[in-house]
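Written below as structure tokens is the structure these notes are about.
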Amino acid sequence: MLAARTAIRVLGLALFVAVVVVVPSRISEFRASEFALIGIFFIAILGLNILTGYTGVISLGHGAFMAVGAYTTAILMLGRPGLEAGGLSPPDWLPVGDGMKDVYTIPIAALVAALAGALFGLPALRLSGPYLALATFGVAVATPSVIRKFDSVTGGSGGLNLFDSPNLTGAIFNAVHVPGGRTLTFNDWLYYLTWTIALALFVVAWLIHHSRLGRALRAIRDDEIAAVASGVGLAWHKTLAFSLSALYAGVAGSLLAMSAFSVQPGAFPVDRSIALLVGLAVGGLGSLVPLVAGAVFLVFLPQWAQDLSQAPGVPAVIYGAVLIGLMIVLPTGVGGLLRRVLGPLTSRLYPRSQ
Amino acid sequence: MTALLSVEHVTRRFGGVVALDDVSFEVPTGEIVGLIGPNGAGKTTAFNVITRLYRPDAGRVVLDGRNLLRTPAHRVVRRGIARTFQNVALWPSLTVIDNVRVGAAARSGGRTPLEVLEYVGLAGVAYRPAAGLPFGTLKRIELARALASGPRLLLLDEPAGGLNHEEVEELGRFVRGLREDFELTILLVEHHMNLVMGISDRVFVLNFGRRIAAGTPAEVQRDPAVIEAYLGDEHAAA
Ligand SMILES: Nc1ncnc2c1ncn2[C@@H]1O[C@H](COP(=O)(O)OP(=O)(O)OP(=O)(O)O)[C@@H](O)[C@H]1O
Ligand SMILES: [Mg+2]
């Protein structure tokens with residue numbers, strides 16, 4: 001019984017990996033960049049799921065943590081020489097380095113975002129339910145202005161351009177040499193990088209879900225009083241959930257900066273934060289694999305809406321209408337649907353929620 | 001007599017309601033102590049004060065000679081106090097065994113979550129979600145969760161709620177067995193008089209937040225103040 005379940009899980013994961021590996025050879029290069037974007041959103045949604053899906057704390061401000069990750073990567077890649085060449089004057093005390101290869105900035109972006117998450121979570125988690133959601137919303141609203149305010153290092157409204165940076169892998173020749181003598185186009189490289197990280201973070205999210213920590217977080221979501229009475233400290237666990245989910249957002253932001261060759265305050269509007277929550281709801285709160293569907297939705301639906309009509313305002317209306325329809329038809333997201341349809345056989349593949 | 005737990009002159013108000021009014025009682029190590037009283041007497045409030053979910057307005061709670069009021073609520077279980085809730089407070093989306101595992105995280109050694117589930121007769125539903133199981137089963141899961149934390153003191157808030165006559169008798173034997181098998185001290189809140197009087201070593205009676213009687217089950221049952229409180233209750237109900 002237990003062995004069968006483990007086998008199903010390993011098989012599912014292997015299938016997932018296989019799909020990720022095969023996709024680039026089946027799609028045009030243009031699509032590869034979009035599929036990388038799906039991976040980026042998948043990472044961010046996986047992270048938000050730890051906070052909102054597991055723990056039941058709603059954040060309307062996770063775009064801010066993506067911004068933290070994106071700017072950390074951009075600033076570290078440029079380093080002091082790059083920033084000064086761009087006419088900026090980062091304060092002396094700020095350890096921006098001398099320019100760092102893009103992939104090495106990812107773990108640093110993750111940690112900086114996790115720290116930002118903890119620093120925000122610690123005081124904010126004294127608020128409850130809707131008040132906390134409003135506080136996170138406030139962070140999302142303030143993000144572009146805060147970025148502009150520190151223009152000596154963020155470049156203000158113009159942002160930072162990474163296209164010329166020698167630390168951007170493969171950008172100049174648009175080809176990346178990988179071990180084994182193969183050469184990848186930049187988009188394929190970004191796709192593989194993103195999905196390798198996404199799969200690793202997926203496994204981490206799965207492990208958290210099934211660990212003592214994950215049980216404690218889900219206990220908090222279901223009944224806080226009972227959780228406290230059973231030894232689960234609310235402040236510590238919620239702060240940790242906030243920090244972990246910000247870490248994921250930071251990684252996503254870091255990859256987003258690399259994929260766009262740049263960062264601007266305009267790339268992190270309030271919509272970005274709301275979109276993550278939309279993606280999570282579409283994928284299914286507390287689900288894991290089905291969250292990919294949420295990421296696909298975020299990347300492709302706006303485009304489909306554009307294709308249907310270019311008239312001003314119409315794509316937004318289509319987007320909204322599809323979202324409302326989807327929430328009526330699939331109130332528990334794609335994850336909920338899969339659990340119902342696939343039933344007892346695979347129900348163990350997906351963590352139960354609701 | 002060494003008291004494992006002593007509640008000393010505890011007062012707790014909710015607005016104008018004095019839920020506990022200068023209440024004191026002791027729970028000696030190894031005993032089963034009954035805490036009874038009509039609806040709204042303050043029994044559950046006493047549990048909530050002992051488990052630090054409510055802060056008392058006055059008074060002290062002492063466990064093992066150490067002030068319990070300095071222990072934050074989520075640390076109480078590590079000091080050896082586990083409880084069940086009157087209205088069942090489980091985590092419905094977790095499996096039965098995961099509910100118990102959260103409880104077990106507070107201790108090291110002792111029975112495993114599965115062993116505790118076997119003890120309460122629920123090993124068969126261990127991997128089902130708690131949601132949707134019958135009320136009596138939920139009460140047993142809650143008990144298993146409490147036992148899995150390896151407590152010294154177990155607080156049971158109306159464990160017989162929703163049980164029929166035979167099940168209540170069975171429960172009485174079960175609670176006595178618990179004390180032996182888990183080396184427990186038990187504080188029991190219950191409306192079933194036969195159950196409380198049958199298994200308790202001593203009984204404290206609350207009414208409108210005040211302690212109105214204390215003693216052995218026989219003494220308490222003869223106490224005019226207790227008879228008055230319960231008769232008054234019945235008159236009010238009629
Ligand atoms: N959180 C609260 N807020 C306001 N009033 C409360 C609260 N908790 C308890 N009370 C009040 O305190 C009094 C005692 O309530 P408590 O729940 O302790 O009674 P009880 O003895 O457990 O009753 P029952 O047998 O019905 O469970 C009641 O008047 C109740 O309304
Ligand atoms: Mg009560």
Side-chain angles (χ1 to χ4, degrees), chain A residues 1-6 8-9 49 52-56 125-126 208-240 284-288 332-333 335-336 339-340 343-344 347-354, chain B residues 44 47-54 71-108 113-114 126-132 138 141-142 144-151 154-155 157:
Chain A
M1 173 70 178
L2 213 72
R5 244 187 293 149
T6 309
I8 291 179
R9 276 178 190 147
N49 191 37
T52 304
Y54 298 4
T55 320
L125 289 167
R126 293 177 171 276
I208 292 174
H209 188 278
H210 292 275
S211 71
R212 178 169 158 174
L213 171 63
R215 282 193 297 270
L217 298 182
R218 289 180 287 144
I220 289 173
R221 173 192 63 197
D222 277 11
D223 191 325
E224 283 195 359
I225 302 280
V228 170
S230 298
V232 177
L234 294 184
W236 162 250
H237 280 92
K238 285 186 180 179
T239 304
L240 193 58
L285 258 74
S287 303
L288 282 173
T332 54
R339 253 168 280 154
R340 265 206 314 281
S347 66
R348 307 256 174 226
L349 256 181
Y350 310 100
R352 280 177 211 80
S353 64
Q354 290 96 42
Chain B
T44 298
F47 272 22
N48 286 337
V49 167
I50 294 167
T51 53
R52 303 285 290 108
L53 294 177
Y54 292 166
T71 304
H74 71 276
R75 293 247 161 227
V76 166
V77 69
R78 279 183 196 80
R79 289 202 55 188
I81 302 179
R83 71 175 289 180
T84 65
F85 291 84
Q86 186 170 345
N87 298 314
V88 176
L90 287 169
W91 306 297
S93 69
L94 271 62
T95 57
V96 170
I97 193 157
D98 275 354
N99 270 275
V100 180
R101 281 176 180 146
V102 175
R107 69 102 185 76
S108 53
L114 197 57
Y127 296 96
R128 299 248 315 254
L138 296 180
I141 300 169
E142 233 195 358
R145 177 178 69 191
L147 291 173
S149 71
L154 179 64
L155 311 183
D157 199 346

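Labels below follow one simple rule: chain letters A, B, ... track the order of the sequence lines, proteins then strands, and each chain is numbered from 1.
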Would you check if the side chain of [X] reaches a backbone N or O of [Y] as a donor-acceptor pair within less than 3.5 Å?
| X | Y | value |
| --- | --- | --- |
| A/R221 | A/G53 | yes |
| B/E142 | B/F85 | yes |
| A/R218 | B/S93 | no |

Checklist entry - Are the side chains of B/N99 and A/R215 in touch, meaning some heavy atoms are under 4.5 Å apart? => result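 Answer no - side chains too far apart.
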Item to check | Close side-chain approach of B/H74 and A/V228, heavy atoms under 4.5 Å | outcome: yes
Structural part of [X] lying under 4.5 Å from a heavy atom of chain A:
| X | value |
| --- | --- |
| B/L94 | both |
| B/R145 | side chain |
| B/A73 | both |
| B/R75 | neither |
| B/V76 | neither |

Item to check | CA sep, side-chain torsions, deciding dist, call: A/D223, B/L90, side-chain contact (heavy atoms from CB on, under 4.5 Å) | outcome: CA-CA 7 Å; A/D223 191 325; B/L90 287 169; over 6 Å; no
Checklist entry - Heavy-atom distance under 4.5 Å to chain B: side chain of A/R212, backbone, both or neither? => result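 It is the side chain, since no backbone atom gets that close.
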Checklist outcome for this item: Among A/A229, A/A216, A/A226, the residue with the most heavy-atom pairs under 4.5 Å to chain B is A/A226
